[in-house]
Amino acid sequence: MSGDQLHNDSQIEADFRANDSHKHKDKHKDREHRHKEHKKDKEKDREKSKHSNSEHKDSSEKKHKDKEKTKHKDGSSEKHKDKHKDKDKEKRKEEKSSSGDIKIKKEKENGFSSPPRIKDEPDDDGFYASPKEDSKLLKRPREDDDADYKPKKIKTEDIKKAKKRKQEEEEDSKAKKIKSKDKKVPEADKRKKPKKEEEQKWKWWEEERYPEGIKWKFLEHKGPVFAPPYEPLPENVKFYYDGKVMKLSTKAEEVATFFAKMLDHEYTTKEIFRKNFFKDWRKEMTSEEKSTITSLSKCDFTHMSQYFKAQSEARKQMSKEEKQKIKEENERLLKEYGYCVMDNHKERIANFKIEPPGLFRGRGNHPKMGMLKRRIMPEDIIINCSKDSKIPAPPPGHKWKEVRHDNKVTWLVSWTENIQGSIKYIMLNPSSRIKGEKDWQKYETARRLKKCVDKIRNQYREDWKSKEMKVRQRAVALYFIDKLALRAGNEKEEGETADTVGCCSLRVEHIKLHPELDGQEYVVEFDFLGKDSIRYYNKVPVEKRVFKNLQLFMENKQPEDDLFDRLNTSILNKHLQDLMEGLTAKVFRTYNASITLQQQLKELTNPDDNIPAKILSYNRANRAVAILCNHQRAPPKTFEKSMMNLQSKIDAKKEQLADARRELKSAKADAKVRRDEKSKKTVESKKKAVQRIEEQLMKLEVQATDREENKQIALGTSKLNYLDPRISVAWCKKWGIPIEKIYNKTQREKFAWAIDMAEEDYEF
DNA sequence: CAATCTACTTAGAATGGGCGTG
DNA sequence: CACGCCCATTCTAAGTAGATTG
């Protein structure tokens, strides 16, 4: 069998190469002997320090901390405030000119800090509360309600006006104080588990923002949940080496199970994966095991694999009660560890579970795939929380690596991962204030770009003519980022990650120039692997100057040389910062995505369409963005089949329609002859039936179209990260589409701010 | 200025649970 | 009333960007 496996290896490799990434595959070989000799030593050093980390880390971390402290003392927060004010003024000016509306300024009452008191956020019940909670209807009463204990400045006027004002505020980076409106009486003290009461959701977007840099005032949480300990296999599950049963030590067995669990995954056939796995596995073996097990291909994990399959099968077959029990246990865990208290509010944590040990699964052609991701212990964990909070207790017999109190960051827990040596964090859910504010801000930055994008475009057109090479390269790169929504393209450490690129890191080999192609002039053909090793392939006609510049940049270069050799993301972003405050390369992606959605919605929505057809239009607009951003997915494994199923449903429906029409016809004929009430009624009901079936058919057909068009395109990423949700909300309001048709529960939670504040006339 | 470190957003795949259906 | 399918959720890798260091 070992021979077979090897054979398969090479075959699969070869297929892979032929299929999608052609030349990319060989890149590593080529690149290794690329003018990087000098780099190598450094890399080695880096490697060393990375792996011997802890002492180094400790000292540097301390330094870091000390610095923070002094910074804090020397009144840098004051500085922040001032800066903030300035920004504020500017913004207000901008707004005035753009929207002639009267501004009603709300003074802040008492700064941003409310007394230390927990308003309970809706937990379980609240979280799953019906969507009507989001609706505007509740709005006014809430505002009124809180009047008695929370000062607010809005006079009760018509809701619409209030809304308008809110929109202005939102643009104002410093929102004025409107206090949230809880129906109930405030609780006087901090409490772990606030009573559940009939509750409104906290509208953080109506509150004052913290000065830049400060992320919270109070933070308390229970720490992370660790991966369950390893449970050794039952005696009867065997591992075979070279055809003979072999009992493995617990540690070696655990790592072996990681591999066994992935046995039918393509990964385990890849040479790099196998090599890395075997190397790391051997580190976990006893010396006898090490001397016996010398070749991975002689290892037989199939019995183990079968065992795990049987286990997961058994899990599916479990009785309702057992499943219920597991569910309840999960809920308990979520309730206890899934929330924290940040500044008087209970907020959901995104990933409170520590990543369990396993084999590293990199994307694409990752040089580290198959390496062992080690088990994270409390001793690896840094806890971040308030000084005056109840500090989470480490598991019995353990201690934390460190507990710190840094309110300039948003994370609750961090640890250093052993594959890349990077830091992982536990942070809050997207529905939290801290994430939501940032998200909102992101779209506001993109909207500011909208105001000056013409100027910037003219500027880079000018720069194509610059005497300075650096400026020309910058201008061409920016043109690509703007026109094609490319990512910035930071440099990456060679050999540490898959070989992927973005705009600034494009190499000569990634583009082809065609002075003429298919009747178009000056066509650039892009072909490279981007983030997550997703292929970007596109043929784009460009302006002549761009084309000439590209020719110039490529002169006397090897295929593996950088296209923009005088440019990197840092240079580019510095330039962008000069053009507009807060502008970076990624803002263009956000801007172009959102503006495209808005345009497409305008273009594609047909007022006469029914709801499903309008939603198809929405999805098409969304799709245009996903295509722009190159958000792809592997066509679902069951795609063809599910398409066939749908088609047969459509056929059946068509037949049903034909039948119904026949029946209607005969009923009509019948009615003509008989001329009585009863037969007339029959005609009516048959008519209705036909109509109903027509509608159903139409719905199915729309669904089929949508699905077909979506085969390889992922809409989720753009919807979640690039499209200003207020555009979608406004569209829904304008056309009377229930928001639930566009956003699921999670998305509605994430975009609660937008759902609450956007009116149908919202303009991105 | 380059290398390194840190914090945060963005990303597709895997998983799991609920729901419609035959 | 099991079954398969589909979508939401979970998971964690892979980016961006800015700060820090040397």
Side-chain angles (χ1 to χ4, degrees), chain A residues 39 42-43 45-46 49-50 53 56-57 60-61 63-64 67-68 71 215 262 265 267 312 315-317 323 326-327 330 350-356 358 360-364 366 368-369 373 384 406 408-411 414 416-417 419-425 427-430 434-435 438-439 442 487-493 496-498 500-505 529-534 568-574 576-577 582-587 589-590 593 629-634 636-639 641-642 645-646 649 703 707 714 716-718 720-722 743-747:
Chain A
K39 250 193 184 171
K42 279 185 199 163
E43 258 161 38
D45 288 346
R46 209 183 296 141
S49 63
K50 227 183 240 169
N53 68 51
H56 282 270
K57 272 272 153 65
S60 73
E61 269 159 17
K63 252 188 252 166
H64 183 68
K67 222 170 200 175
E68 289 289 17
K71 228 201 250 163
K215 304 297 170 65
M262 293 177 73
H265 200 288
Y267 271 123
S312 78
R315 223 172 303 129
K316 276 182 214 153
Q317 300 301 321
K323 281 186 179 171
I326 291 174
K327 204 174 164 187
N330 284 336
N351 55 327
F352 58 92
K353 290 181 186 154
I354 298 275
E355 297 171 18
F360 176 76
R361 303 151 90 112
R363 312 266 172 104
H366 196 118
K368 298 195 172 184
M369 64 169 86
K373 247 174 71 160
N384 192 33
D406 182 356
K408 313 275 191 306
V409 296
T410 67
W411 53 267
S414 77
T416 301
E417 150 266 9
I419 304 289
Q420 324 263 3
S422 65
I423 309 170
K424 301 254 184 168
Y425 302 92
M427 293 183 184
L428 297 193
N429 203 57
I434 210 157
K435 293 290 182 191
K438 201 82 185 295
D439 205 38
K442 172 181 77 186
R487 294 188 185 82
N490 284 323
E491 305 94 298
K492 319 204 298 176
E493 286 180 82
E496 297 285 299
T497 60
T500 62
V501 298
C503 185
C504 294
S505 50
L529 297 184
K531 181 178 180 179
D532 293 319
S533 293
I534 298 291
N568 60 40
T569 51
S570 162
I571 295 171
L572 178 64
N573 280 334
K574 234 166 246 153
L576 293 176
Q577 193 63 234
L583 186 60
T584 63
K586 87 198 234 324
V587 178
R589 248 168 104 80
T590 311
C629 294
N630 200 39
H631 291 141
Q632 297 189 25
R633 59 167 187 178
K637 293 223 158 56
T638 54
F639 185 83
K641 205 166 78 182
S642 91
N645 284 345
L646 195 54
K649 260 194 210 169
Q703 199 187 344
R707 194 180 296 178
T717 303
S718 49
L720 228 50
N721 300 301
Y722 288 103
Y743 290 138
N744 67 30
K745 181 167 77 69
T746 315
Q747 293 163 340

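In what follows, every chain begins at residue 1, and chains take the letters A, B, ... in the order their sequences are listed.
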What does Lys531(A) touch in the nucleic acid at a heavy-atom separation under 4.0 angstrom: a base, only the sugar-phosphate, or nothing? base
More 5' along DNA chain B: Ser422(A) or Ser718(A), using each one's nearest nucleotide? Ser422(A)
Think His265(A) has a side-chain N or O under 4.0 angstrom from the OP1 or OP2 of dA13(B)? no
Are any of Tyr722(A)'s side-chain N or O atoms less than 4.0 Å away from OP1 or OP2 of dA11(B)? yes
Should Lys442(A) be listed as having a side-chain N or O under 4.0 Å from OP1 or OP2 of dT10(B)? yes
Are OP1 or OP2 of dT16(C) and a side-chain N or O of Asn490(A) less than 4.0 angstrom apart? yes
When you measure from the side-chain N and O atoms of Gln632(A) to the phosphate of dG12(B), is any distance below 4.0 Å, counting only OP1 and OP2? no
Any Asn573(A) side-chain N or O less than 4.0 Å from OP1/OP2 of dA17(C): yes
Calculate the interatomic distance between Leu720(A) atom CG and dT9(B) atom P; express it in whole Å. 12 Å
Using whole Å, report how far CZ of Arg487(A) lies from C1' of dG12(B). 11 Å
Answer yes or no: does a side-chain N or O of Thr717(A) lie under 4.0 Å from OP1 or OP2 of dA11(B)? no
Length of the line joining Leu572(A):CG and dA17(C):C1', which is rounded to integer Å: 12 Å
Closer than 4.0 Å, any side-chain N/O of His631(A) to the OP1 or OP2 of dT10(B)? no
Across the strands shown, which category fits Pro430(A) at heavy-atom distances under 4.0 angstrom: base, sugar-phosphate, nothing? nothing
Name the orientation class of the two ring planes belonging to Tyr425(A) and Trp411(A) (parallel below 30°, tilted from 30 to 60°, perpendicular beyond 60°). tilted
Picking from dA7(B), dA13(C), dC8(B), which would you name as closest to the side chain of Ile423(A)? dA7(B)
Does the pair Ser505(A) and Glu491(A) meet the rule for a side chain to side chain donor-acceptor pair (under 3.5 Å), with working shown? CA-CA 6 Å; Ser505(A) 50; Glu491(A) 305 94 298; over 6 Å; no
Does the side chain of Arg361(A) get closer than 4.0 angstrom to OP1 or OP2 of dC11(C) through an N or O atom? no
Is the distance from OP1 or OP2 of dC8(B) to the nearest side-chain N or O of Thr410(A) less than 4.0 Å? yes
OP1, OP2 of dT6(B) versus side-chain N and O of Ser414(A): anything below 4.0 Å? no
Does either side chain, that of Thr410(A) or that of Lys438(A), offer a donor lying less than 3.5 Å from an acceptor on the other one? no
Is the phosphate of dG16(B) approached by Lys323(A) (side-chain N or O, under 4.0 Å from OP1 or OP2)? no
Measure from CD1 on Ile434(A) to C1' on dC8(B) and round the result to the nearest Å. 11 Å
OG on Ser414(A) to CE on Met427(A), rounded to 0.5 Å: 9.0 Å
For a quick test of reading the model, state the closest non-hydrogen atom pair linking Leu576(A) to Ala585(A) and the distance between them. CD1-N, 3.4 Å
It should be established whether Lys492(A) places a side-chain nitrogen or oxygen under 4.0 Å from OP1 or OP2 of nucleotide dT16(C). no
Which residue lies more 5' along DNA chain C, comparing Lys586(A) with Lys424(A) via nearest heavy atoms: Lys424(A)
Could you tell me whether the phosphate oxygens of dG17(B), OP1 or OP2, come under 4.0 Å of any side-chain nitrogen or oxygen in Arg315(A)? no
